[in-house]
Structures are given as C-alpha cells and as structure tokens.
Number of protein chains: 2
Amino acid sequence: MATIKDVANRAEVSTATVSHVINKTKFVSQEVRDKVLNAIEETGYIPNNIARSLKVNQTKTIGLIVAYIENPIYSGVFREIEKYARNHGYSVLICNSNDDPDIEEEQIQLLLTNRVDGLIIVPSKNSKIPKKGLIPEGFPVCFLNRQLSGYSVPSVVIENKQASYEAVNHLIQKHNQKEVGIILGERHNQLSKERHEGYRLALLENSIEYNDDLVIEGYSTFQGGVSAVRDLASEGYFPDSVFITGTTMMLGFMFELKKMGISCPADISIIGFSDTNMSPLMDPPLSAVAQPINKLAERSVELLFEQIDGAKKGDLVEVLSCKVNYRMSCGCHWEPKFSQSNYDKFYESVYSE
Amino acid sequence: MATIKDVANRAEVSTATVSHVINKTKFVSQEVRDKVLNAIEETGYIPNNIARSLKVNQTKTIGLIVAYIENPIYSGVFREIEKYARNHGYSVLICNSNDDPDIEEEQIQLLLTNRVDGLIIVPSKNSKIPKKGLIPEGFPVCFLNRQLSGYSVPSVVIENKQASYEAVNHLIQKHNQKEVGIILGERHNQLSKERHEGYRLALLENSIEYNDDLVIEGYSTFQGGVSAVRDLASEGYFPDSVFITGTTMMLGFMFELKKMGISCPADISIIGFSDTNMSPLMDPPLSAVAQPINKLAERSVELLFEQIDGAKKGDLVEVLSCKVNYRMSCGCHWEPKFSQSNYDKFYESVYSE
DNA sequence: TTTCATCAGTTAAACGTTTAACTATCGTTC
DNA sequence: GAACGATAGTTAAACGTTTAACTGATGAAA
C-alpha cells in the first residue's frame, strides 16, 4: 500500500509538503499542490491514520460499551452517538458487554489499549470496574443511563422518579383511578427505588392511601409480568390501573391479561416504561414513558468532549426528564395517523428486510 | 501515560525484554520477568496498540457497515460478529450507513484510513461503491445479506427463493389453502424477485394457477401493508392466506385486518418474513421466516478471516437457508411455553430497562 | 548596496512499538 | 583447555506520519 513517501517521490517533493497539502496546514503553491494531488490519485494513496494517531497522540475515536445492543434504547443511543461523533470528526468503537462485569472489564482494557480518546459506558448491572487502576486518573469517561457511585466520573441518566410520578399522576387525575398498582423489577434495585418513590409521591399528593399489596416485583421477566396478573387477581380485588416499569414485564402482563379475558383499557388501564416503536402498534396502542434517546446520546458525547478538551467534570450527574406518551392502553383517546407520522419512515427503513 | 521505555527503565532491562515478556515471544527468566511485571504494575503501563499496529502492519480490527443498526437483524448480526471476532482477538469498528450510498462511501474511506484488516459490508440499497479505486485490489471484503454483482467480493446471503417456497408450500399443503397471496416490497427489487419466484414455484408444484391479482407491491411500508388489505378486499374475493415479505408491511396488514374485523387465522392465514423476538408475542403469534443470524455473522467473519489469511474468494456467493417458524397466524397449533423457553432470558436481558 | 521580512519548501526527529541480528556468558564435549 | 552450542539478554532500525526548525530565494525598504 502506498505511503506518503511514495507520493512525495512521485510528486518530486518532500513528505512534509505532501502532509501539508493533505492537512491544509501550510500554504502550498497551486502548481506543487496539483502535482501532489495527482501523485495521490496515481498511487492510490490512503492516509494511514494509525501512524497519524501515533504521532499526534490521539485517535479521534471514542469507545462505547453498552449492555445489550439489541435493546432498542441502546441501538438508538449508539446510532445517535455515532452520528454526533462523526459530525465532530470522531469514530466510535462499540462493545457489547452482555451485562457481564468480566467482559466489561476486558473491553475497557481493550479500548484503552486501542487508545480511544474517551469512554462512554453503560455500566453492567454488577459492575466491578475498579475505582482506580484500570482507568487512568483523569481519563475522559462518562457513564450512561446507569450511575455508579464513588467514581469521579460524570453520568447522564433519566429522571425515573419524575417519570413515574407523572405516569401515576396521570392515571389518577385524568382517568380518575383510585387503585393504582405498580410492577417493579426488583425492589432493592436503584432504578426501582426511584420509580417506587415517584409512585408514592403521586399517591400522597392525591391523598390516596398507600397499599403495599399493589406493589409487585416482576423481576424484569416476561414470566414476572404473567405472575403479576395472577397475583393481583388472587388478592381478591383487581386494581383499576397499573404502571409497569419494564417492557418485558409489560409484554407478559398483556399476554396473561388477554388469556384471562381481562380487557385493556376497559377493565384495567396500563402505562408502561420504555416507549418503543412497537408501542403504537400494540393492541391496544401502549401508553408509555419515552426515554430521551437523542438527549441521552448527545449529552454523554458532549460531556465526553468537554473532558477531552480538558474540563474536569467530577461526578456530575445530569438528569434528563422523560416524556410520557399517552395512547390507548391508559384509556386516553389516540389516533394512529400512520400515514402522516414518521413511523412509516422508521419502519420502512429499519425493518425493511 | 507510561510507555514501554518507562517500564524498561524501572525494571532495568531493555525494551525488547519488556516486549518479550508482554508478548511471550521469547523465554525470559523468572527473575527478570518478575521485575518487568512489577514495573508494569508500578507504572500503570497500558500497551499502546496504535504503535504496535503501525509496526506489525495490522490492527486486529475489522470494519462493519450496516444499513440500520436498529433493525434487529443487524443488531443481532453485529452482536454475533463482535463475539466471534473477539474470540479471535479482533475488535470491530461498526458504522451505520442509514442506507445512504454517500455515507456508505465515506465510511469505507474512514475504515480504510483506520487500517482495519478487513471489511464486512451490508451494501446500501443504491450502493455506488466504485468497482475499483475506493477499495484497494485484493483487500479483504465480504458483503452481507445483500449481494452486489460485478465485484470480485464474496457475499453471504439468505436463500430467499427456498424460504418463500417453503412458506407458501406450507400454506397450501398443511392448511389446504387454494388462494394464496403474496405481498412484495417492490417487484423489480432483487430480493422480491427471488421471493416471487419461490412463490410461483410452490403454486406450480401444487398445480395452482398463478393469479397476478394476488401479487401486491407494498413498498416495504406500514401504509403499504394497510393498503394491501384494502386492495385484496376490493378485488371482490379475499385470499384465504397471504405471505407477507416484510415486517413493516406485516404490521400494517395486521393492523388493518383488526380494524376491518377480519380475524387471523380464522379468516385468513398469514406467514411473515423476518421472525423477530416479537413474533411469539403478537396476536396471534406470528408464523414467520427466520433468518439465520448466527450463521450469517459467523460465515461472513470466516470468509473475511480466510481472506486476511491470504485466500482468494472471488465473487463466491454463500447462500444460507432459512427456517420457517410456524406458530398460530398460519393456522398451526402452537404453545408458547414461555417459562421454559429462552424468550424470557432474552427479554429479561435485552428489554430490562 | 545592504538589510531584513516574507514566502515556499525541506530536513530530520519523534511518536511507541517489534524483531532480526547481535553479544556475552556459561556449560559441554573432546 | 579449545571449540562450540545453547541461553538470555541487548541493540538499533523500522513502521508512516507530523511538525518545529531550518534554508534559500525573492523583493522591498532604508
């Protein structure tokens, strides 16, 4: 493969001149420039970014580690991060940790060894990233969507409590629901705690007594959603509405509901967490909390870039608020209007094969 | 950041020795090795893969360009490719072309400049990758899922005709359907042509007359699926079954069906293309053609590695057969059995937040 | 005519590794 | 004790760039 030397020889100039025309770092006369450009054309020269990176000590690459690339949230986040990064002249090296702390650690190693300029990490659930030793002091890092305490690393997360409050409050105020249940993943989990808090707050503000029987752990599984329906039914009374804090559980819940002949939203109102592109197509179209994918991506990259540019961010936590999309599963009126919406465009492109 | 020199100084050995203990390329006495290992520990040395790549002239990185990372097929393919690559000591740089030929070209440039050792490309729909000039002669490349003719590049694709034949034949033979429709994307499109062929073959073999009124273009859109229902209904007769060759169209079709009060599978049997993890959760659980994601990923990486190791592959086309998963939408009997299946595991992990 | 700034290009060191070629030491063997 | 092979480490060039420092030519000002 041709090098800058080959180009220089062919154009009968020095490598410095070639470098300068490529990078526009110094004025080069039209005549010489043309010679160089021709030589590049003729030799099929492709600049070697590896050599460049070595010399300038930066790779213009950022590393991204996500738990599951197949989660629409993360594939969306990746798409946005990559777009944003590319617009700023950066590439992204992405790794899939499978939520495995060991793989996660290995991947951090790998990315550091490849000298990425910064790291955006969705920490794995049982992350054991050492507080020091693995990642050099002061290295640009940003946590995404999940925060880890005790690190001097900024994170950008979503406002779980507010989202939960909003959804539950909506059920109470707009649909006059008095018995609202909530299906959490695992109660002790940080995310669940925050969502639980928002739930309690909404009850409190509407002077509804808290009833722990209506709080169910679904362990984020389909089966958990199925069981939740049974649990609620066996309590003798069935709540008139429920806020389900996970997509999997929601699917299980809906599935079992249908099986038992309980109709939504007639018999029970539902709001889910994590609005996806499937939501409007469900039966009934699902009302759900939408995570601000774009903002999540944008802010994390920005926080990273600021660090790359030298700013210290400490353990700053940036909290992004969520929007709840109300469709039919909570009892709202909603029209699909697919023809004018962008669903079509989305599906056409994304699911076209 | 510490370099190999710092380590060498601290351990009071040469850089060559340090290199040898890191890479295990030469015997080093226990005593010296320990000194080096300690020095590495003490200096917090992280090997610089950039420098290494420059020297050994390979980056142990492969480039992957997909059309849409959010398409579950491609995020799945990516996950598998990354896993497979990592097991062979390779990283993967992935780019999202958005099916835009210009972005695609730019990204190929970028990856080449970053000296990836090989390239796996899902060509964009209107790909204008130049036959020569952009990618150096003999550079390891593999096309994935879509093939481009006229290039000396191997590809791995799925057997569309066979899949289509199988699905349609199933409708005819198992469910005794005489009028089977097919919804294609665009008729002139290569994929559609192949699927169309499989459809015709199935009819022919079962001595059913071909009727062009039952072949509908849905342009791979949700709206196209909606229209297809209306078109078929307006023909006066409604087919008893239909093979829908795209997820988006299938969603639109199902949506409109429900709206018109046509029941599936009682009134109409449906088989879709592209089985996803949503299929079993649909109402009714969807029968669909499943693309062999793992094989697709594995074979493409293998083909690439063989080229990296020096083999010439020409324009070899590797065709992978698909499996049709028969659930309820075609009229088959099917039991969810979620508790024992791996759906739960999948959803638990992937959609947990 | 001298001085000196500007211009357009060159020289060569440096980035952090790898690795072929080399060296010094120590046993063996005859 | 000479010759030699094995062992364990070192030396230094090379990979393909960038870029500070340098050079030589040109022309304007004093």
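Below, chain A is the first sequence line, B the second, and so on; all start at residue 1. Scope of the values below: all heavy atoms of this structure, side chains included, with no hydrogens, waters or symmetry mates.
- Under the side chain to side chain contact (heavy atoms under 4.5 Å, CB included) criterion, A:K26 pairs with A:H20, not counting sequence neighbours.
- Contacts with DNA chain D (heavy atom under 4.0 Å) in residues 39-49 of chain B: none are found.
- A:N189 meets the side chain to side chain contact (heavy atoms under 4.5 Å, CB included) test with A:E186, A:L191, A:S192; sequence neighbours excluded.
- Identified under the ring pair (Phe, Tyr, Trp, His ring centres under 6.0 Å) test for residues 103-158 of chain B, with sequence neighbours left out: B:F143-B:Y151.
- Annotation: proximity of residues 16-25 of chain A to DNA chain D (heavy atom, distance under 4.0 Å) is found for A:A16, A:S19, A:H20, A:N23, numbered in ascending order.
- Rounding to the nearest 0.5 Å places NZ of B:K125 at 5.0 Å from CG of B:D99.
- To the nearest 0.5 angstrom, A:Q109 atom CD is 6.5 Å from B:I46 atom CD1.
- Annotation: proximity of residues 27-34 of chain A to DNA chain C (heavy atom, distance under 4.0 Å) is found for A:F27, A:V28, A:S29, A:V32, numbered in ascending order.
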> Going through the distances and angles, do B:N96 and B:Y74 end up as a side-chain hydrogen bond (donor to acceptor under 3.5 Å, both in side chains)?
Replying inline: CA-CA 10 Å; B:N96 207 54; B:Y74 295 129; over 6 Å; no

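- With sequence neighbours excluded, the residues satisfying side chain to side chain contact (heavy atoms under 4.5 Å, CB included) with B:S127 are B:E104, B:P123, B:S124, B:I129, B:L148.
- Summary of helix geometry: the two end axes of the helix from C:dT1-D:dA30 to C:dC30-D:dG1, each defined by five base pairs via their C1' atoms, are inclined to each other by 60° (rounded to 10°).
- When the nearest nucleotides of DNA chain D are assigned to B:T15 and B:K26 by heavy-atom distance, the more 5′-ward of the two goes with B:K26.
- A:T43 OG1 to A:I4 CD1: the interatomic distance, rounded to the nearest 0.5 Å, is 10.5 Å.
- Contact record, A:K131 with A:S149: CE-O, 3.6 Å, taken as the closest heavy-atom pair.
- Among residues at least two apart or in separate chains, side-chain hydrogen bond (donor to acceptor under 3.5 Å, both in side chains) pairs with a member in residues 28-42 of chain B are B:R10-B:E42.
- Contacts classified as side-chain hydrogen bond (donor to acceptor under 3.5 Å, both in side chains) and involving residues 302-315 of chain A (residues at least two apart or in different chains) are given here: A:Y84-A:E302, A:R299-A:E302, A:E306-A:K313.
- Looking at A:I40 and A:I22, their side chains come closer than 4.5 Å, going by heavy atoms from C-beta outward.
- Of all nucleotides in DNA chain D, those with any atom nearer than 4.0 Å to a heavy atom of chain B start and finish, going 5' to 3', at D:dA8 to D:dG16.
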Between side-chain atoms of residues 48-56 of chain B and protein atoms elsewhere (two or more places apart, or another chain), which donor-acceptor pairs fall under 3.5 Å?
unit_1: B:N48; atom_1: OD1; unit_2: B:I50; atom_2: N; d: 2.8
unit_1: B:N48; atom_1: OD1; unit_2: B:A51; atom_2: N; d: 3.2
unit_1: B:N49; atom_1: ND2; unit_2: A:N114; atom_2: OD1; d: 2.8
unit_1: B:S53; atom_1: OG; unit_2: B:N49; atom_2: O; d: 2.8
unit_1: B:S53; atom_1: OG; unit_2: B:Q58; atom_2: O; d: 3.4

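- Of the candidates B:V66, B:L296, B:I121, B:V301, B:L144 forms a side chain to side chain contact (heavy atoms under 4.5 Å, CB included) with just one, namely B:L296.
- Atoms CD1 and SG, on A:I81 and A:C142 in that order, are 8.5 Å from each other to the nearest 0.5 Å.
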